[in-house]
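Beneath this line is the structure, given in structure tokens, with notes to follow.
Just so it is clear, the values below take in all heavy atoms, side chains as well, and ignore hydrogens, waters and symmetry mates. Please read these numbers as outputs of a predicted model, since none were measured by experiment.
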Amino acid sequence: MKRIPSVSSLNNILRGNTPSLNEIAGLLNLLPEACVLHDKGRDQVLLGNSAYFKVTAFSQKDLNGIQLGALLEDDAKLPAQIGVEHPVQLRRRNRQALPVTMRIIEISPGSCWFLVSFDSVLAAKDSAINLENLFDAYFKMVNTSESASLQEMLVKSLEITKALLNTELCCIFQAESEYPTLKKIAYDEPYPVFPDAITSADLGRLTSTSVWTPGRRVFTEVHRAGRVANLAYIASTPLGQEEGMFGLLVVGSTAQPPATGLQKSLGIVGAMLSDIIQRKMLLANLLEENLSLRRLLAIRDTFVENAQEGILVIDPEFQILEVNPAAEMMLGYTDWEVKGLPITDILIGPENLVSVMEAVCRNVPANNLGTISLHRRDGQTFPAHMQIIPVQQDEALAALLIFIMDVSSDEKIRLQTQQLEHRAVLGGFTAVFAHEVRNPINNISAGLQLLASRLDEDNPNQNVISRMQGDCTRLDQLMESVLSYSRPLEAAFKPLDINQFLQRILDRWHPRLARLNVNPFFKPDPELPLVLGDVRSLEQVFTNLISNAVEAMREKGGTLAIRTSPYDVIANRPQVEITLSDDGLGIPDEFREHIFEPFVTNNPRGTGLGLAITKQIITAHQGSISVNSFPGGTVFHVYLPVANHGEPG
């Protein structure tokens with residue numbers, strides 16, 4: 001018996017793992033020798049390759065559960081040593097046993113799986129590589145493809161191919177979809193020999209494994225390059241399936257003639273490389289699709305989590321699959337406690353909701369329910385806009401998406417807008433009414449004055465006439481206030497020194513303040529910029545504010561403090577702040593929130609329009625006004641824009 005060198009350890013190549021049955025089956029079918037895979041631990045034959053079935057006429061079904069010894073004649077003995085050739089008689093179906101040499105090869109150290117090959121004694125050895133080297137090369141390529149890029153894998157595979165076939169030159173051409181050429185994408189040459197590209201017609205002429213030697217006909221650019229470089233041979237094999245070739249593997253040598261069986265060996269290597277490249281490209285496509293899906297899922301999750309609309313996902317049986325945070329807040333349920341529940345247990349609303357969803361499932365265009373009333377978990381009702389959208393997958397209904405928008409705020413705005421419109425109409429009528437009423441009031445006042453002049457001063461009716469004249473005066477002031485509030489502001493805006501302006505107003509009020517025991521305190525900022533304002537309307541503003549402050553301190557007196565300062569809190573919009581404070585009784589809570597609304601006042605002698613007109617004027621100046629009040633004092637804050645930053649529009 002001739003002893004063959006034992007197979008090199010594949011443990012490092014396989015990273016200590018036994019290859020899968022699918023991997024071994026794919027490799028076995030590439031081998032020209034008849035082979036089977038044997039599980040020594042259970043003494044069972046697991047599978048055979050196509051060459052074995054061709055030689056023996058058995059099928060894979062015949063091998064299931066059979067012992068290795070059953071493949072041989074009864075008097076044959078199994079070899080005791082691994083890697084040693086042993087002559088045996090191989091059984092065949094309905095034929096005479098075939099004399100072969102049997103060899104057992106270890107797949108990997110410690111594994112129970114062994115490769116058993118049967119070489120015909122009569123057949124010529126036409127393979128340039130043995131099984132050990134082929135296994136070694138195949139799994140090296142597989143492991144390289146798992147950890148390297150496609151280009152790195154191709155370069156490494158060419159190194160393995162050169163060592164396996166004992167050749168000097170090796171390169172791979174790949175077809176390009178956009179051009180009718182094949183580009184050299186990987187090569188291992190001591191010096192450039194093969195062209196950078198060949199035509200697709202050359203691939204059409206090299207559809208099978210072939211070997212070219214000098215003296216034979218040159219019919220491709222590859223052969224022409226070999227002849228120019230004076231190569232001893234060029235061998236090529238297509239990559240891919242016959243109906244879908246995608247490249248070409250080319251090897252060559254400058255000195256050594258082609259080895260016996262090179263053509264068949266190159267075909268095996270080409271098939272191996274095609275399988276590995278296709279697996280690599282498939283894996284790359286799968287990874288790209290996975291990355292794309294993960295990106296889409298991230299976008300989807302971000303959208304669902306941050307959407308302002310409530311989103312509910314239900315299956316075709318109307319059971320809840322998922323709800324987003326907006327829906328949780330809207331309905332009062334958490335996602336984990338509603339999953340798997342019927343949608344009708346959570347979405348309490350119109351009675352036709354189920355029928356609408358069933359219609360959507362039948363592709364009936366009834367997905368928009370408009371504005372309806374829904375119930376929260378605590379029973380509270382709220383208006384919502386609902387939309388139901390079907391999700392189709394492979395022409396089948398996968399899920400339903402229910403979008404819910406809480407329109408409570410929209411409804412509130414609509415009611416407020418409607419109220420403002422009514423107020424606007426009422427304001428127009430009120431202005432006309434006030435204008436028409438002033439003339440009769442003036443006539444009544446004049447008549448009362450005439451009656452008073454004709455009566456003696458000590459006449460008891462003088463008191464009645466005096467009270468009636470006071471009422472006429474109050475009515476006239478009220479009508480004037482209504483007209484001031486109703487008519488548009490016709491202001492002439494110009495730069496104004498607000499410190500001097502306020503000082504003049506205080507000077508005019510000084511006698512009355514002294515009479516009412518009110519002490520004025522004015523602290524102007526000397527560096528204050530000019531404001532943009534209308535003198536006449538701003539005089540009305542601060543007269544109203546001072547008058548209200550004095551009225552609040554009428555009984556006990558007090559201090560009226562006015563301060564001015566720059567206000568730069570709003571970016572790119574400098575303003576001036578004017579604070580006006582008193583130490584009166586303060587504004588009651590029930591009035592403070594509505595103090596700038598028309599006809600709101602806690603002063604029985606007031607009209608309730610002073611502060612409303614004040615706010616209207618300040619707003620027309622593109623400014624703002626606010627109030628802080630507490631028992632023992634009130635502070636108004638007025639903000640006006642600086643003059644050199646544009647006029648109010």
Side-chain angles (χ1 to χ4, degrees), residues 290-393 397-423 569-573 593 619 624 626:
N290 182 54
L291 181 62
S292 178
L293 288 175
R294 290 174 60 189
R295 186 185 302 112
L296 290 175
L297 284 175
I299 295 173
R300 175 260 186 201
D301 291 342
T302 303
F303 167 74
V304 171
E305 291 294 321
N306 296 280
Q308 298 299 314
E309 291 180 308
I311 302 175
L312 296 91
V313 185
I314 63 174
D315 62 20
E317 285 72 37
F318 305 153
Q319 291 185 336
I320 299 176
L321 299 176
E322 181 182 0
V323 299
N324 74 333
E328 291 178 332
M329 293 290 294
M330 204 174 294
L331 300 173
Y333 297 93
T334 59
D335 177 70
W336 63 268
E337 64 180 339
V338 300
K339 282 185 178 179
L341 295 181
I343 187 65
T344 51
D345 289 356
I346 305 303
L347 214 55
I348 310 300
E351 296 180 356
N352 64 338
L353 179 60
V354 174
S355 60
V356 171
M357 290 190 294
E358 291 174 346
V360 172
C361 293
R362 298 192 301 270
N363 292 325
V364 177
N367 61 330
N368 195 333
L369 277 71
T371 302
I372 60 176
S373 292
L374 295 177
H375 296 273
R376 307 186 199 275
R377 186 174 191 168
D378 58 4
Q380 182 183 0
T381 303
F382 68 98
H385 182 80
M386 180 183 292
Q387 190 175 14
I388 305 176
I389 299 176
V391 178
Q392 300 289 338
Q393 184 178 19
L397 182 68
L400 291 176
L401 296 181
I402 301 179
F403 292 86
I404 303 175
M405 179 181 291
D406 187 346
V407 294
S408 301
S409 58
D410 294 345
E411 185 68 15
K412 184 178 180 180
I413 292 173
R414 187 188 67 81
L415 294 175
Q416 289 178 345
T417 303
Q418 187 178 30
Q419 189 177 33
L420 290 174
E421 290 175 351
H422 291 167
R423 283 189 180 183
V569 174
I570 304 176
N572 301 319
R573 193 184 175 192
E593 295 296 328
T619 302
S624 61
S626 62

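When all heavy atoms of Pro342 and Ile320 are compared, the closest pair comes out as O-CD1, 4.4 Å. For the pair Gly310 and Met330, the tightest heavy-atom approach, listed with the atom from each and the gap, is N-CE, 3.7 Å. Ala398 approaches Pro316 most closely through the heavy-atom pair O-CD, 3.5 Å. Closest approach of Ser373 to Thr381, counting heavy atoms only: CB-CG2, 3.9 Å.
More than 12 non-hydrogen atoms from other residues, nucleotides or ligands lie less than 6.0 angstrom from CD of Gln392.
Taking the side chain as every heavy atom from C-beta outward, Glu322 and Leu312 never approach each other to under 4.5 Å. Two residues are said to be in side-chain contact when any heavy atoms from C-beta on lie closer than 4.5 Å; Leu400 and Val360 meet this criterion. Residues Ile343 and Ile402 are in side-chain contact: their nearest non-hydrogen atoms beyond the backbone lie under 4.5 Å apart. Side-chain contact check for Phe382 versus Leu331: some heavy-atom pair is nearer than 4.5 Å. Side chains of Glu358 and Val356 form no contact here, defined as non-hydrogen atoms less than 4.5 Å apart.
Separation of atoms CD1 (Ile404) and CD1 (Ile372) is listed at 7.5 Å; rounding is to 0.5 Å. Expressed to the nearest 0.5 Å, how far CZ of Phe318 lies from CG of Asp345 amounts to 13.5 Å. Rounded to the nearest 0.5 Å, atoms CG (Leu401) and CD1 (Ile311) are 7.5 Å apart. Residue Leu374 holds its CG atom at 12.5 Å from CD1 of Ile346, rounded to the nearest 0.5 Å. The CZ atom of Phe403 sits 11.0 Å away from atom NE2 of His385, with the distance rounded to the nearest 0.5 Å. Distance check, rounded to the nearest 0.5 Å: OG1 of Thr344 to CD of Gln319 gives 10.0 Å.
Judged by distance alone, the side chain of Asp378 and the main-chain N or O of Gly332 form no donor-acceptor pair under 3.5 Å. Side chain of Asp315 to main chain of Ala399: no donor-acceptor pair is present (N/O by atom type, distance under 3.5 Å, no hydrogens or angles).
Ion pairing between Arg376 and Asp406 holds under the 4.0 Å rule for side-chain N and carboxylate O.
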Discussion item. Could you walk me through whether Glu328 and Val323 satisfy the side chain to side chain contact (heavy atoms under 4.5 Å, CB included) test, starting with their C-alpha distance in whole Å, then the side-chain angles of each, then the deciding distance to 0.1 Å, before giving a yes or no?
Written reply: CA-CA 7 Å; Glu328 291 178 332; Val323 299; 4.0 Å; yes
Worksheet item: Could you go step by step and tell me if Arg300 and Glu305 meet the salt bridge (charged side-chain N to carboxylate O under 4.0 Å, His left out) rule?
Response: CA-CA 8 Å; Arg300 175 260 186 201; Glu305 291 294 321; over 6 Å; no
Discussion item. Walk me through whether Ser624 and Thr619 qualify under side chain to side chain contact (heavy atoms under 4.5 Å, CB included).
Written reply: CA-CA 6 Å; Ser624 61; Thr619 302; over 6 Å; no
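For Glu337 and Thr334, the side-chain atoms include at least one donor-acceptor pair closer than 3.5 Å.
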